[in-house]
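Following: one structure in structure tokens, then a few remarks.
The sequence lines fix the lettering, A, B, ..., with proteins before strands; numbering per chain opens at 1.
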Amino acid sequence: MKFSSSYEPNQFEPDIYAAWESAGVFSPSVPTVPVDADANGYDDRLKNTSVYSIVMPPPNANGNLHIGHGLTVALEDSLTRYYRLRGRSTWYIPGADHAGFETWVVYERALEAQGHTRFEYDRNELYARVWDFVAQQRGNMEVQLRALGASCSWNDLTFTLDENVVDRVYTTFEKMWNDGMIYRGEKLVNYCPKHQTAFADIEVEHKDEPGTLWDIAYDALVVSTTRPETLFGDVAVAVNPNDERYKDLIGKTVHLPLTDREIPVIADEHADPEYGTGVVKITPAHDFDDFEVGERHHLERIQVISEDGHMINVPDKYYGLTTTECRKQVLKDLEKEGLLKGEKKLTHSVAHCYKCGTIIEPMLKEQWFVDVKTLARTAIEHLNNNEIKFYPESKKKVLINYLENLKDWNISRQIPWGIAIPMFKKINEEATDEPDWIFDRRTNLKEIEKSGVKYIRDEDTFDTWFSSSHWPIVCTNWSEENPTPYYPLNVMETGVDLIFAWVARMIMMGLYVTGEVPFKEVYLHGMVLDAHGKKMSKSKGNVINPMDLVVKYGSDAFRLGIIRGRSAGMSQAFSENSVIAGRNLCNKLWNISRLIQSLVDETPEDTLSRSIFSDGENTEQASPVTTGASLRSEKDVSLASYSTLNMGEDWICREINSCLEQVEADIETYRFAEAADTLYSTIWDKYADWFLESQKLYKNIPLLKKTLETLLIALHPFAPFVTEAIWQNLSWTQGFIITQIWPDKLEFDPISAENFENIRIIVSEVRTTLQALPGANNAKKYDLMYDRDSLVEDNLDLIQSLTKVPHLRALEGSPKGLRLTLANRELYLDVPEKVVKEYKDALTEKILSVGRELDALNLRLQNPNYVERAPEHLVKETRGQIAEKEQLISRLKNQLTLI
RNA sequence: GGGGAUUUAGCUCAGUUGGCUAGAGCGUACGAUUCACAUUCGUAAGGUCACAGGUUCGAGCCCUGUAAUCCCCACCA
């Protein structure tokens, strides 16, 4: 493979992914089912390898990835690749979601487009049809996951309708049924009349909307309501027990308008004396609060709105009207009878279907419910026991708070596309000894017979979250007989918006099924907002498609871009600029590698070996006096395949080591942005700008190779493709980078490294001073002069090449020109007096500003408390600084007098 | 009503146990450039760390309060 001269990710990314995949490098090295060959109760292969497991939140099987998936994959895959490099047996388990409701909505729309409705088919037929529909659409998201570089174990992909998932869900359901945690209840549920299905509370969107509050006379009492059409379902009116105005009426009855019914006046705390007239009509079948009032007072529930949104159980006049039509008619009739006492505009929040926006109708329905008391309490105990570490930490409190107030969980959905609820209802009523409902796994059958009694299957399917809550269990193939070392997961990474719907339920279910928390850590990423911090939405037209960016800038650039500036739990803006910055880094690395490869190519083998085992031809540049070269013994040379010969080499080793330390600490605490940032500045600002510039003189080939390899491996988790592409292009590397071992720290001489740091300071000051001088093109005009300075004297070529000054020479005679001030060295720029004079203002300003700093330092030291109480090293440091500043000022002043 | 956050450069964000002159990227200005890279190199400007108190030798960081913004949950007859 030949390095192409420009970085073009599209030309190698697909090939590299295919090569990884066919080499099987994504599979965990330790099989996922434990093997106890010698029957000692332990899988011996686990002795030397620790495992790392992580599951992917399953994207919609027949959908496309959106920007949030892009972030999720970038984060999860970086973790996966990092721990793989660290030698763990790493299992990143991909998934695909049947996306019950989402897919159903799409399918139903397609069905309607063909002029059909769901009601023409029975449940089995619909299920089969959607299955085919999904099968046809499937595959896009898997292609896209590959494009993002997800190093997941494809053989282990779990689909949410896979047999083992259904099995596990049924097993749990059966256990809950036997434990008495499942009950069938007639309760008010959130019901979408359009989709004709119930929703869990979390699936409902509340929006503030303008509405009207009408006052209606029920005899002597005036009630306030926003929904007059439901009055036919009223079974009582309530007043607050402490409300003096109505005390006498409690227990009496009032006439329900437009009907011939009398309804009781009851006392209930629900009635707020401050609100409206303080009198509330009670409609248990169509209002959540009223339902509870009804429970407390054992009131009848009269359903007056049908599941398709029409009036039922009402006087003939109103029968069959839609709710909207009925409201109009009711208001008209009330007005006519003089019972409408007033109306007032208000804003109230209205529940909407999160998919179609239809107003959610609270509907009385028989559904399956999970009693969550024990589940929630157990989860809270384990959370309080710190068994799961949260990133960000604050979300744990939020979760506990949620669990403390959790209501029973409605798990029935009236949608064919999902896992059938394995419950069957008795048909023959006369078989009174048999239970009304029985559990049975044969949900492929509509009707079953047991002990001579016929049962018919419940048509409903499970809430997606009921099965999803088993995700860590089913993905790792955990079972009672075969506990796997990969369960609990090391981490659960997902969006902060799923903390209740998914994370909470996985914890409850994990504990219920396995007795263990399902994961040891949770990392919740925030939402990806647009460049202006606004939510992305189709209607705003600000949606960013991750694949567009991958095509435009490459997968690595996208991954580097999307994690930039992002921290746990925070919703943060995202713009193409950060992807461009990522692409630029990849390009930089590409060119760095090309440079090093070309240096390798042009260095003959025999020179190479000489430079390892002797000082070689570069002795003249290296400083025998100041670099501490003598500390580098032959031992170093023989231990490693590289050695440091020049200061810049020790310096870069020092910088790379501290970079590695930083990156390790950051990844292990999920500080992705900081880790990538550290790599960015190490590769660019340190490796390329200083080390490689200095290597243009010295060319320590073994060290160049070693340091490049180190940086490539360290960046691999974040930019997998370009690092692998370079690895494959380099002439001396072997195998895949993805399966390399995370680099050890490099050996270096700290004194020498510090000397290079001093050279950097000198070079920087020369550059700054030259830029500040009047006139253009200063860099090439003036010589740099030094006076008895061995560090400079020993590194003339290096300094000259970095500063680009024409010549470096020893000062002859008395000082002249412009003295460099910050470096604290005898260095002068050979600048004519005229130019120096023009520089005078800058110099004066400098003296003033250093003076201000000096004053501040002196003030600190004059504070006796500081000297007494601050740590000694800080006080000492301050004294040192004062001395330094004083020297600097005197040098500056001296300079000024010379002018 | 309950809970959780945020406020630092023009923009997007770092700043971990309190410690020197508060950092980065982008953007801006100025300068450079055959010799790995214009997807480049060099330099600079730009901040009362939302506000007011407090603790401390020392506060962007800790405490109290205020303001603004955001998210979630519940309620709104």
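Within the structure, a side-chain polar atom (N or O) of A:R860 is placed less than 4.0 Å from OP1 or OP2 of B:U21. Within the structure, a side-chain polar atom (N or O) of A:R671 is placed less than 4.0 Å from OP1 or OP2 of B:G15. For A:S394 and B:A5, the shortest distance from a side-chain N or O to OP1 or OP2 is below 4.0 Å. Not one side-chain nitrogen or oxygen of A:K588 sits closer than 4.0 Å to the OP1 or OP2 atom of B:C37. Proximity of A:W684 to the phosphate of B:G25: no side-chain N or O atom is located under 4.0 Å from OP1 or OP2. Residue A:S567 places at least one side-chain N or O under 4.0 Å from the OP1 or OP2 atom of B:A14. Neither OP1 nor OP2 of B:G19 sits under 4.0 Å from any side-chain N or O of A:K876.
Base engagement by A:Y275 is indicated by at least one non-hydrogen atom pair under 4.0 Å involving a base atom. Contacts of A:S598 with the nucleic acid, taken as non-hydrogen atoms under 4.0 Å apart, are absent. A:K804 comes within 4.0 angstrom of nothing in the nucleic acid, heavy atoms only. Across all strands shown, A:F574 has no heavy atoms under 4.0 Å from either base or sugar-phosphate atoms. At a threshold of 4.0 angstrom between heavy atoms, the contacts of A:K885 include nucleobase atoms, whether or not backbone atoms are also involved. Across all strands, A:P392 comes closer than 4.0 Å to no nucleic acid atom at all (heavy-atom distances). At a threshold of 4.0 angstrom between heavy atoms, the contacts of A:E693 include nucleobase atoms, whether or not backbone atoms are also involved. Nucleic acid contact class of A:A573 (heavy atoms, under 4.0 Å, all strands): sugar-phosphate only. A:E8 comes within 4.0 angstrom of no nucleic acid atom, judged by non-hydrogen atoms across all strands. A:E674 comes within 4.0 angstrom of the backbone, heavy atoms only, and of no base. If you check every strand for non-hydrogen atoms under 4.0 Å, A:N405 touches nothing.
A straight line from NZ of A:K696 to C1' of B:U34 spans 13 Å, rounded to a whole angstrom. Per the geometry, CD1 belonging to A:I882 stands 14 Å off C1' belonging to B:U21, to the nearest Å. If you measure from atom CG of A:L524 to atom P of B:C72, you get 15 Å, rounded to the nearest angstrom. The interatomic distance linking A:L595 (CG) with B:A36 (C1') rounds to 5 Å, in whole Å. Atom pair A:Q572:CD and B:C13:C1' shows a separation of 7 Å (rounding to whole Å applied). Distance A:I562 CD1 to B:C13 P: 13 Å, rounded to the nearest Å. As rounded to whole Å, 14 Å separates atom C1' of B:U56 from atom CG of A:L874. Atom CD1 of A:I400 and atom P of B:G2 are 20 Å apart (whole Å).
One finds the CZ atom of A:R583 at 12.5 Å from the CG atom of A:D556 (value rounded to the nearest 0.5 Å). Of the inter-residue distances, the one linking A:L524 atom CG with A:K396 atom NZ reads 13.0 Å to the nearest 0.5 angstrom. Between the CG atom of A:L798 and the CZ atom of A:R760 there is a distance of 12.0 Å, given to the nearest 0.5 Å.
Figure legend: cation-pi geometry between A:R505 and A:W409, with NZ or CZ positioned under 6.0 Å from the six-membered ring centre and within 45° of its axis.
The A:R767 side chain lies nearest to B:U43 when the options are B:U43, B:C73, B:C13. Residue A:M570 places its side chain closer to B:U6 than to any other of B:C13, B:U39, B:U6.
Side chain of A:H286 to backbone of A:V304: a donor-acceptor contact under 3.5 angstrom is found.
Under the Watson-Crick and G-U wobble criteria, each requiring two contacts below 3.5 Å, nucleotide B:A32 is paired to B:U40. Remark: B:U16 base-pairs with no nucleotide; criterion is Watson-Crick or G-U wobble with both hydrogen-bond distances under 3.5 Å. In a base pair of the Watson-Crick type (N1 to N3 plus N6-O4 or O6-N4) or a G-U wobble (N1-O2 and O6-N3), with each distance short of 3.5 Å, B:U48 is matched with no nucleotide.
Donor-acceptor pairing under 3.5 Å, judged by distance alone, is present between the side chain of A:R583 and the base of B:U39. For B:G31, its base never sits under 3.5 Å from the side chain of A:Q771 at any donor and acceptor pair.
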Could you walk me through whether A:Y687 and A:E655 pass side chain to side chain donor-acceptor pair (under 3.5 Å), step by step? CA-CA 9 Å; A:Y687 195 70; A:E655 298 303 315; over 6 Å; no
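Closest-nucleotide positions on RNA chain B for A:L213 and A:P864 were compared, and the one nearer the 5' end corresponds to A:P864.
Using a 4.5 Å heavy-atom threshold, the side chains of A:F3 and A:I726 count as touching.
Atom name C1', nucleotides B:A36 and B:C62: the rounded distance is 50 Å, in whole Å.
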